[in-house]
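Single-structure report; data block below.
Both counts, for ligands and for their atoms, begin at 1 and track the order of listing. What you are looking at is a predicted structure, and each value in this text was computed from that prediction instead of being measured.
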Amino acid sequence: MTTTFNKCLMAGALPLAILLSSSAFAQESKGQGEVEVLNWWTSGGEAKALGALKDKLADDGIGWQNMPVAGGAGTNAMAVLRSRITSNNPPTAAQVLGYDAQDWADRDALSSLDDVAKAGNWDKVFPQPIQRFAKSGGHWIAAPFEIHSTNWVWANTSMMDELGIEQPNTWEEFIASMKKAQDAGHTGLAYGGQPWQDATVFENVVLATGGADFYRQAMIDLDPKALDSDTMIKSFDRFRELLQYKDDNSPGRDWNLATAMVIKGDALYQIMGDWAKGEFLNAGLTPEQDFMCFRTPGTQDAVTFNSDLMIMFKNDDDQQQSMQRTMAEIIGSPEFQITFSQLKGSVPARTDLSSDGLDACAKRGYEQAKTAAESNTLMGSMAHGYAAPAGVKNAVFDIVSSFVNGNMPSDVAAEQLAMAVQGARS
Ligand code: GAL
(Lines give C-alpha, C1' and ligand atoms only; values in the text may rest on other atoms or scores of the structure.)
Protein backbone atom coordinates (compact mmCIF):
# COMPACT_ATOMS: atom_id res chain seq x y z
CA MET A 1 0.00 0.00 0.00
CA THR A 2 2.35 2.79 -1.22
CA THR A 3 -0.27 5.54 -0.75
CA THR A 4 0.00 8.82 1.13
CA PHE A 5 -0.75 6.46 4.04
CA ASN A 6 2.83 5.13 4.02
CA LYS A 7 4.32 8.58 3.39
CA CYS A 8 2.42 9.86 6.44
CA LEU A 9 3.44 6.71 8.31
CA MET A 10 7.10 7.26 7.46
CA ALA A 11 6.59 10.82 8.69
CA GLY A 12 5.11 9.32 11.89
CA ALA A 13 2.14 11.64 11.40
CA LEU A 14 -0.56 9.06 11.77
CA PRO A 15 -2.17 8.54 15.21
CA LEU A 16 -1.70 5.00 16.52
CA ALA A 17 -5.40 4.08 16.29
CA ILE A 18 -5.36 4.61 12.51
CA LEU A 19 -2.19 2.58 12.22
CA LEU A 20 -3.83 -0.32 13.98
CA SER A 21 -7.16 -0.05 12.19
CA SER A 22 -5.59 -0.55 8.79
CA SER A 23 -6.79 -4.15 8.78
CA ALA A 24 -4.69 -5.02 5.77
CA PHE A 25 -1.73 -4.64 8.12
CA ALA A 26 -3.38 -6.06 11.18
CA GLN A 27 -4.29 -9.28 9.38
CA GLU A 28 -0.92 -9.77 7.84
CA SER A 29 0.61 -12.24 10.29
CA LYS A 30 -2.41 -14.04 11.68
CA GLY A 31 -4.18 -17.07 10.15
CA GLN A 32 -7.97 -17.23 9.97
CA GLY A 33 -9.59 -18.07 13.35
CA GLU A 34 -6.30 -17.62 15.12
CA VAL A 35 -5.08 -15.25 17.81
CA GLU A 36 -1.46 -14.19 18.06
CA VAL A 37 -0.40 -13.56 21.65
CA LEU A 38 2.85 -11.82 22.54
CA ASN A 39 4.15 -12.89 25.97
CA TRP A 40 7.25 -13.63 27.98
CA TRP A 41 6.08 -16.89 29.56
CA THR A 42 8.89 -19.19 28.46
CA SER A 43 9.86 -21.08 31.63
CA GLY A 44 8.44 -24.57 32.25
CA GLY A 45 5.80 -23.44 34.75
CA GLU A 46 4.92 -20.31 32.79
CA ALA A 47 4.45 -22.15 29.49
CA LYS A 48 2.30 -24.77 31.19
CA ALA A 49 -0.01 -22.11 32.61
CA LEU A 50 -0.23 -20.36 29.26
CA GLY A 51 -1.10 -23.73 27.74
CA ALA A 52 -4.30 -23.70 29.81
CA LEU A 53 -5.42 -20.59 27.91
CA LYS A 54 -4.46 -22.13 24.58
CA ASP A 55 -6.54 -25.22 25.43
CA LYS A 56 -9.57 -23.17 26.48
CA LEU A 57 -9.41 -21.19 23.24
CA ALA A 58 -9.16 -24.42 21.26
CA ASP A 59 -12.36 -25.59 22.99
CA ASP A 60 -13.97 -22.54 21.36
CA GLY A 61 -12.43 -23.33 17.98
CA ILE A 62 -9.87 -20.55 18.20
CA GLY A 63 -6.33 -21.25 17.03
CA TRP A 64 -3.22 -20.09 18.87
CA GLN A 65 -0.12 -18.44 17.53
CA ASN A 66 2.35 -18.04 20.34
CA MET A 67 4.71 -15.04 20.18
CA PRO A 68 7.08 -15.73 23.08
CA VAL A 69 9.84 -13.25 23.90
CA ALA A 70 12.19 -14.67 26.54
CA GLY A 71 13.36 -12.44 29.35
CA GLY A 72 11.79 -12.24 32.79
CA ALA A 73 9.47 -9.44 33.79
CA GLY A 74 8.88 -8.60 30.13
CA THR A 75 12.14 -6.68 29.82
CA ASN A 76 12.57 -7.79 26.18
CA ALA A 77 8.91 -8.38 25.33
CA MET A 78 7.97 -4.72 25.70
CA ALA A 79 10.68 -3.67 23.24
CA VAL A 80 9.48 -6.27 20.71
CA LEU A 81 5.89 -5.13 21.21
CA ARG A 82 6.80 -1.50 20.55
CA SER A 83 8.59 -2.46 17.34
CA ARG A 84 5.62 -4.59 16.21
CA ILE A 85 3.32 -1.62 16.75
CA THR A 86 5.51 0.94 15.07
CA SER A 87 5.91 -1.39 12.10
CA ASN A 88 2.06 -1.54 12.08
CA ASN A 89 1.96 -5.27 12.67
CA PRO A 90 0.33 -5.57 16.08
CA PRO A 91 -0.38 -8.98 17.59
CA THR A 92 -3.97 -9.80 18.54
CA ALA A 93 -3.07 -9.44 22.18
CA ALA A 94 -0.14 -9.02 24.52
CA GLN A 95 0.78 -9.74 28.13
CA VAL A 96 1.72 -6.53 29.90
CA LEU A 97 2.07 -5.08 33.40
CA GLY A 98 0.20 -2.20 35.02
CA TYR A 99 1.83 0.99 33.84
CA ASP A 100 2.53 -0.44 30.39
CA ALA A 101 -1.19 -1.21 29.95
CA GLN A 102 -1.97 2.40 30.85
CA ASP A 103 0.61 3.59 28.38
CA TRP A 104 -1.00 1.68 25.48
CA ALA A 105 -4.45 2.87 26.56
CA ASP A 106 -3.22 6.48 26.59
CA ARG A 107 -2.08 5.91 22.99
CA ASP A 108 -5.61 4.79 22.06
CA ALA A 109 -4.24 1.45 20.86
CA LEU A 110 -6.54 -0.89 22.75
CA SER A 111 -9.92 -2.50 22.21
CA SER A 112 -12.49 -1.82 24.94
CA LEU A 113 -13.54 -4.85 26.97
CA ASP A 114 -16.52 -3.12 28.55
CA ASP A 115 -19.10 -5.55 27.22
CA VAL A 116 -17.17 -8.58 28.44
CA ALA A 117 -16.57 -6.86 31.80
CA LYS A 118 -20.24 -5.99 32.20
CA ALA A 119 -21.34 -9.55 31.42
CA GLY A 120 -18.67 -10.86 33.82
CA ASN A 121 -19.42 -8.41 36.64
CA TRP A 122 -15.75 -7.38 36.67
CA ASP A 123 -16.41 -4.14 38.54
CA LYS A 124 -17.53 -6.26 41.51
CA VAL A 125 -15.07 -9.13 41.44
CA PHE A 126 -11.68 -7.52 40.66
CA PRO A 127 -10.11 -5.45 43.50
CA GLN A 128 -9.50 -1.70 43.11
CA PRO A 129 -5.68 -1.97 43.02
CA ILE A 130 -6.13 -4.09 39.87
CA GLN A 131 -8.90 -1.96 38.34
CA ARG A 132 -6.58 1.04 38.74
CA PHE A 133 -4.47 -0.46 35.95
CA ALA A 134 -6.93 -2.58 33.96
CA LYS A 135 -9.29 0.33 33.31
CA SER A 136 -8.68 3.63 31.57
CA GLY A 137 -11.09 6.54 31.52
CA GLY A 138 -13.65 4.26 33.17
CA HIS A 139 -13.33 1.63 30.43
CA TRP A 140 -11.91 -1.89 30.80
CA ILE A 141 -8.82 -2.14 28.60
CA ALA A 142 -7.27 -5.34 29.96
CA ALA A 143 -8.19 -8.77 31.33
CA PRO A 144 -6.40 -9.58 34.64
CA PHE A 145 -4.95 -13.10 34.76
CA GLU A 146 -4.06 -13.29 38.44
CA ILE A 147 -2.39 -11.62 41.40
CA HIS A 148 1.27 -12.38 41.76
CA SER A 149 3.23 -11.14 44.73
CA THR A 150 6.94 -10.57 45.04
CA ASN A 151 7.66 -10.74 48.80
CA TRP A 152 8.07 -14.52 49.04
CA VAL A 153 10.91 -16.81 50.08
CA TRP A 154 11.08 -20.32 48.57
CA ALA A 155 12.98 -22.79 50.71
CA ASN A 156 14.36 -26.31 50.33
CA THR A 157 12.73 -28.35 53.12
CA SER A 158 15.31 -31.10 53.36
CA MET A 159 18.19 -28.63 53.68
CA MET A 160 16.26 -26.83 56.44
CA ASP A 161 15.75 -30.16 58.22
CA GLU A 162 19.38 -31.24 57.66
CA LEU A 163 20.66 -27.97 59.17
CA GLY A 164 17.95 -27.73 61.86
CA ILE A 165 16.68 -24.43 60.49
CA GLU A 166 13.24 -23.21 61.64
CA GLN A 167 11.26 -20.83 59.41
CA PRO A 168 12.84 -17.42 60.13
CA ASN A 169 10.48 -14.63 61.22
CA THR A 170 12.94 -11.78 61.67
CA TRP A 171 15.60 -10.37 59.36
CA GLU A 172 18.31 -11.43 61.80
CA GLU A 173 17.03 -15.04 61.88
CA PHE A 174 16.81 -14.96 58.08
CA ILE A 175 20.44 -13.88 57.67
CA ALA A 176 21.62 -16.33 60.39
CA SER A 177 19.96 -19.25 58.57
CA MET A 178 21.69 -18.38 55.28
CA LYS A 179 25.02 -18.12 57.11
CA LYS A 180 24.39 -21.57 58.57
CA ALA A 181 23.79 -22.98 55.08
CA GLN A 182 26.89 -21.28 53.71
CA ASP A 183 29.04 -22.51 56.61
CA ALA A 184 27.80 -26.01 55.76
CA GLY A 185 29.06 -25.58 52.19
CA HIS A 186 25.74 -24.71 50.55
CA THR A 187 24.58 -21.53 48.78
CA GLY A 188 22.40 -19.57 51.15
CA LEU A 189 20.55 -17.54 48.50
CA ALA A 190 19.85 -18.69 44.93
CA TYR A 191 20.15 -15.50 42.90
CA GLY A 192 19.78 -14.36 39.32
CA GLY A 193 21.89 -11.29 38.53
CA GLN A 194 19.64 -9.39 36.14
CA PRO A 195 18.31 -5.84 36.74
CA TRP A 196 14.67 -6.86 37.19
CA GLN A 197 15.67 -9.61 39.60
CA ASP A 198 17.99 -7.26 41.52
CA ALA A 199 15.05 -4.85 41.83
CA THR A 200 12.63 -7.61 42.87
CA VAL A 201 14.90 -8.65 45.76
CA PHE A 202 15.68 -5.01 46.61
CA GLU A 203 12.01 -4.07 46.97
CA ASN A 204 11.70 -6.93 49.47
CA VAL A 205 14.54 -5.44 51.51
CA VAL A 206 13.03 -1.93 51.39
CA LEU A 207 9.68 -3.28 52.61
CA ALA A 208 11.33 -5.46 55.30
CA THR A 209 13.43 -2.52 56.52
CA GLY A 210 10.99 0.41 56.46
CA GLY A 211 7.60 -1.30 56.49
CA ALA A 212 4.53 -0.65 54.31
CA ASP A 213 4.33 3.12 54.85
CA PHE A 214 7.98 3.63 53.97
CA TYR A 215 7.68 1.38 50.89
CA ARG A 216 4.71 3.42 49.70
CA GLN A 217 6.46 6.74 50.39
CA ALA A 218 9.63 5.70 48.55
CA MET A 219 8.50 3.37 45.78
CA ILE A 220 5.01 4.67 44.96
CA ASP A 221 4.93 8.33 46.06
CA LEU A 222 8.62 8.57 44.98
CA ASP A 223 9.24 11.02 47.82
CA PRO A 224 12.88 12.24 47.58
CA LYS A 225 12.98 12.50 51.40
CA ALA A 226 12.29 8.75 51.60
CA LEU A 227 14.46 7.76 48.64
CA ASP A 228 17.48 9.47 50.18
CA SER A 229 16.90 8.72 53.86
CA ASP A 230 18.54 6.80 56.73
CA THR A 231 15.96 4.04 56.24
CA MET A 232 16.94 3.72 52.57
CA ILE A 233 20.62 3.70 53.53
CA LYS A 234 19.83 0.91 56.02
CA SER A 235 17.96 -0.92 53.23
CA PHE A 236 21.07 -0.81 51.03
CA ASP A 237 23.21 -1.95 53.99
CA ARG A 238 20.93 -4.94 54.46
CA PHE A 239 20.89 -5.61 50.72
CA ARG A 240 24.68 -5.73 50.75
CA GLU A 241 24.53 -8.13 53.73
CA LEU A 242 22.07 -10.38 51.86
CA LEU A 243 24.15 -10.45 48.66
CA GLN A 244 26.96 -12.16 50.59
CA TYR A 245 24.92 -15.36 50.45
CA LYS A 246 24.60 -15.65 46.68
CA ASP A 247 27.11 -17.70 44.69
CA ASP A 248 29.73 -16.41 42.25
CA ASN A 249 27.88 -17.72 39.21
CA SER A 250 24.80 -15.60 39.79
CA PRO A 251 25.50 -12.75 37.29
CA GLY A 252 23.07 -13.02 34.36
CA ARG A 253 21.37 -16.19 35.68
CA ASP A 254 17.70 -16.54 34.69
CA TRP A 255 15.24 -16.59 37.57
CA ASN A 256 13.99 -20.10 36.90
CA LEU A 257 17.55 -21.45 36.97
CA ALA A 258 17.93 -19.92 40.42
CA THR A 259 14.67 -21.62 41.40
CA ALA A 260 16.11 -24.88 40.08
CA MET A 261 19.01 -24.51 42.55
CA VAL A 262 16.53 -24.62 45.44
CA ILE A 263 14.60 -27.46 43.79
CA LYS A 264 17.80 -29.50 43.41
CA GLY A 265 19.05 -28.71 46.92
CA ASP A 266 22.01 -26.62 45.76
CA ALA A 267 20.68 -23.58 47.62
CA LEU A 268 18.60 -22.98 50.73
CA TYR A 269 16.40 -20.02 49.65
CA GLN A 270 15.29 -17.89 46.74
CA ILE A 271 13.55 -14.55 47.18
CA MET A 272 11.23 -14.27 44.18
CA GLY A 273 7.66 -13.68 43.06
CA ASP A 274 5.32 -16.65 43.30
CA TRP A 275 5.82 -17.48 39.64
CA ALA A 276 8.76 -19.39 41.16
CA LYS A 277 6.25 -21.75 42.74
CA GLY A 278 5.11 -22.64 39.20
CA GLU A 279 8.53 -24.19 38.66
CA PHE A 280 8.35 -26.28 41.86
CA LEU A 281 4.88 -27.52 40.87
CA ASN A 282 6.04 -28.18 37.31
CA ALA A 283 8.80 -30.33 38.84
CA GLY A 284 6.10 -32.34 40.62
CA LEU A 285 6.95 -31.02 44.09
CA THR A 286 4.45 -30.41 46.90
CA PRO A 287 4.21 -27.15 48.88
CA GLU A 288 5.03 -27.42 52.59
CA GLN A 289 6.50 -30.87 51.96
CA ASP A 290 9.28 -30.68 49.41
CA PHE A 291 9.56 -26.92 49.64
CA MET A 292 8.45 -24.13 51.95
CA CYS A 293 6.96 -20.77 51.10
CA PHE A 294 6.91 -17.83 53.51
CA ARG A 295 6.82 -14.04 53.33
CA THR A 296 10.26 -12.44 53.39
CA PRO A 297 10.96 -11.82 57.08
CA GLY A 298 9.97 -8.27 57.97
CA THR A 299 7.36 -8.06 55.19
CA GLN A 300 4.71 -10.29 56.78
CA ASP A 301 2.19 -7.42 57.19
CA ALA A 302 2.07 -6.40 53.55
CA VAL A 303 1.90 -7.75 50.01
CA THR A 304 3.78 -6.27 47.05
CA PHE A 305 1.74 -7.36 44.08
CA ASN A 306 1.68 -7.39 40.31
CA SER A 307 -0.85 -8.78 37.89
CA ASP A 308 -0.38 -9.93 34.32
CA LEU A 309 -2.86 -8.12 32.10
CA MET A 310 -3.94 -9.19 28.63
CA ILE A 311 -4.45 -6.20 26.35
CA MET A 312 -6.18 -6.51 22.98
CA PHE A 313 -5.06 -4.32 20.09
CA LYS A 314 -7.56 -2.34 18.11
CA ASN A 315 -8.40 -3.72 14.66
CA ASP A 316 -11.37 -3.55 12.37
CA ASP A 317 -11.66 -7.26 11.77
CA ASP A 318 -14.91 -8.63 13.21
CA GLN A 319 -13.48 -12.11 13.66
CA GLN A 320 -10.39 -10.84 15.47
CA GLN A 321 -12.58 -8.68 17.69
CA SER A 322 -14.86 -11.57 18.61
CA MET A 323 -11.86 -13.80 19.36
CA GLN A 324 -10.43 -11.03 21.56
CA ARG A 325 -13.71 -10.89 23.48
CA THR A 326 -13.77 -14.67 23.88
CA MET A 327 -10.19 -14.61 25.17
CA ALA A 328 -11.02 -11.86 27.69
CA GLU A 329 -14.08 -13.78 28.83
CA ILE A 330 -12.02 -16.93 29.40
CA ILE A 331 -9.27 -15.09 31.30
CA GLY A 332 -11.78 -13.36 33.61
CA SER A 333 -13.87 -16.48 34.26
CA PRO A 334 -13.91 -18.11 37.72
CA GLU A 335 -12.84 -21.54 36.39
CA PHE A 336 -9.89 -20.22 34.41
CA GLN A 337 -8.74 -17.94 37.28
CA ILE A 338 -8.39 -21.03 39.48
CA THR A 339 -6.92 -23.33 36.81
CA PHE A 340 -4.37 -20.73 35.73
CA SER A 341 -3.20 -19.93 39.27
CA GLN A 342 -2.90 -23.63 40.16
CA LEU A 343 -0.27 -23.89 37.40
CA LYS A 344 1.25 -20.42 37.45
CA GLY A 345 1.96 -20.17 41.19
CA SER A 346 -0.17 -17.08 41.65
CA VAL A 347 -3.56 -16.48 43.28
CA PRO A 348 -6.77 -15.53 41.46
CA ALA A 349 -7.29 -11.82 40.87
CA ARG A 350 -11.03 -12.30 41.39
CA THR A 351 -11.87 -11.92 45.09
CA ASP A 352 -15.14 -13.89 44.94
CA LEU A 353 -13.67 -17.37 44.61
CA SER A 354 -13.24 -20.24 47.09
CA SER A 355 -9.63 -21.14 47.83
CA ASP A 356 -10.48 -24.84 48.19
CA GLY A 357 -8.79 -25.68 44.88
CA LEU A 358 -5.59 -23.84 45.75
CA ASP A 359 -2.47 -25.35 47.34
CA ALA A 360 -1.21 -24.48 50.83
CA CYS A 361 0.94 -21.52 49.71
CA ALA A 362 -1.79 -20.07 47.47
CA LYS A 363 -4.47 -20.46 50.15
CA ARG A 364 -2.35 -18.34 52.48
CA GLY A 365 -1.39 -15.95 49.67
CA TYR A 366 -5.02 -15.45 48.66
CA GLU A 367 -6.08 -14.59 52.23
CA GLN A 368 -3.05 -12.33 52.68
CA ALA A 369 -3.85 -10.44 49.47
CA LYS A 370 -7.44 -9.89 50.57
CA THR A 371 -6.41 -8.80 54.08
CA ALA A 372 -3.76 -6.49 52.62
CA ALA A 373 -6.32 -4.96 50.24
CA GLU A 374 -8.58 -4.24 53.22
CA SER A 375 -5.76 -2.74 55.31
CA ASN A 376 -4.28 -0.76 52.42
CA THR A 377 -1.03 -2.72 52.45
CA LEU A 378 -1.57 -4.37 49.05
CA MET A 379 1.01 -2.27 47.23
CA GLY A 380 2.23 -2.27 43.66
CA SER A 381 5.56 -3.94 42.92
CA MET A 382 8.19 -1.47 41.69
CA ALA A 383 10.12 -4.14 39.80
CA HIS A 384 6.98 -5.41 38.06
CA GLY A 385 5.39 -2.22 36.83
CA TYR A 386 2.79 -1.46 39.48
CA ALA A 387 4.48 1.26 41.51
CA ALA A 388 5.78 3.76 38.94
CA PRO A 389 5.91 4.29 35.17
CA ALA A 390 8.52 2.44 33.11
CA GLY A 391 10.95 5.38 33.01
CA VAL A 392 11.19 5.50 36.81
CA LYS A 393 11.25 1.69 37.09
CA ASN A 394 14.20 1.50 34.74
CA ALA A 395 16.01 4.28 36.64
CA VAL A 396 15.63 2.22 39.83
CA PHE A 397 16.88 -0.87 37.97
CA ASP A 398 20.03 0.99 36.92
CA ILE A 399 20.98 2.18 40.41
CA VAL A 400 20.13 -1.09 42.14
CA SER A 401 22.06 -3.16 39.60
CA SER A 402 25.13 -0.95 39.78
CA PHE A 403 24.95 -1.39 43.55
CA VAL A 404 24.82 -5.20 43.15
CA ASN A 405 27.63 -5.34 40.61
CA GLY A 406 29.98 -2.87 42.29
CA ASN A 407 30.93 -1.64 45.74
CA MET A 408 28.91 1.58 45.86
CA PRO A 409 28.47 2.71 49.49
CA SER A 410 24.88 2.69 50.74
CA ASP A 411 24.67 6.44 51.38
CA VAL A 412 25.83 7.12 47.82
CA ALA A 413 23.32 4.59 46.49
CA ALA A 414 20.45 6.27 48.32
CA GLU A 415 21.47 9.68 47.05
CA GLN A 416 21.84 8.37 43.49
CA LEU A 417 18.49 6.62 43.71
CA ALA A 418 16.73 9.86 44.67
CA MET A 419 18.47 11.74 41.84
CA ALA A 420 17.79 9.04 39.23
CA VAL A 421 14.10 8.87 40.13
CA GLN A 422 13.84 12.66 40.07
CA GLY A 423 15.57 12.67 36.68
CA ALA A 424 13.23 10.04 35.26
CA ARG A 425 10.18 12.01 36.43
CA SER A 426 11.17 15.34 34.92
C1 GAL B 1 6.56 -11.05 35.98
C2 GAL B 1 5.26 -11.65 35.48
C3 GAL B 1 5.13 -13.07 35.93
C4 GAL B 1 6.40 -13.88 35.64
C5 GAL B 1 7.67 -13.09 35.92
C6 GAL B 1 8.94 -13.77 35.43
O7 GAL B 1 6.68 -9.73 35.62
O8 GAL B 1 4.18 -10.90 36.01
O9 GAL B 1 3.99 -13.65 35.34
O10 GAL B 1 6.36 -14.32 34.40
O11 GAL B 1 7.63 -11.79 35.40
O12 GAL B 1 9.11 -13.69 34.09
Distance-minimising heavy-atom pair for Phe294 and Ala155
CE2-CB, 4.0 Å

salt_bridge(Lys363, Glu288) N-O dist < 4.0 Å:
no

Could you give the N/O to N/O pairs under 3.5 Å linking ligand 1 and the protein, each with its distance?
residue  : atom   : partner : partner atom : Å
ligand 1 : 7 (O)  : His384  : ND1          : 2.8
ligand 1 : 8 (O)  : Asn306  : ND2          : 2.7
ligand 1 : 8 (O)  : Asp308  : OD1          : 2.8
ligand 1 : 8 (O)  : Asp308  : OD2          : 3.0
ligand 1 : 9 (O)  : Trp41   : NE1          : 3.0
ligand 1 : 9 (O)  : Asp308  : OD1          : 3.4
ligand 1 : 9 (O)  : Asp308  : OD2          : 2.6
ligand 1 : 9 (O)  : Lys344  : NZ           : 2.8
ligand 1 : 10 (O) : Trp41   : NE1          : 3.1
ligand 1 : 10 (O) : Glu46   : OE2          : 2.5
ligand 1 : 11 (O) : Trp40   : NE1          : 3.3
ligand 1 : 11 (O) : Ala73   : N            : 3.3
ligand 1 : 12 (O) : Trp40   : NE1          : 3.4
ligand 1 : 12 (O) : Glu46   : OE2          : 3.0
ligand 1 : 12 (O) : Ala73   : N            : 3.2

Would you mind checking if Lys118 and Asp115 are paired as a salt bridge, meaning a charged N to carboxylate O distance below 4.0 Å?
no

Please evaluate residues Phe403 and Phe202 with respect to the criterion ring pair (Phe, Tyr, Trp, His ring centres under 6.0 Å), reporting the C-alpha separation (whole Å), side-chain torsions for both, the decisive distance (0.1 Å), and the verdict.
CA-CA 10 Å; Phe403 181 85; Phe202 180 66; 7.5 Å; no

Is there any side chain to side chain donor-acceptor pair (under 3.5 Å) pair reaching into residues 135-145, and which pairs are they, with sequence neighbours excluded?
Asp114-His139, Asp123-Lys135, Asp123-Trp140

Phe340 and Trp41: ring pair (Phe, Tyr, Trp, His ring centres under 6.0 Å), yes or no, with the steps?
CA-CA 13 Å; Phe340 185 79; Trp41 284 331; 5.5 Å; yes

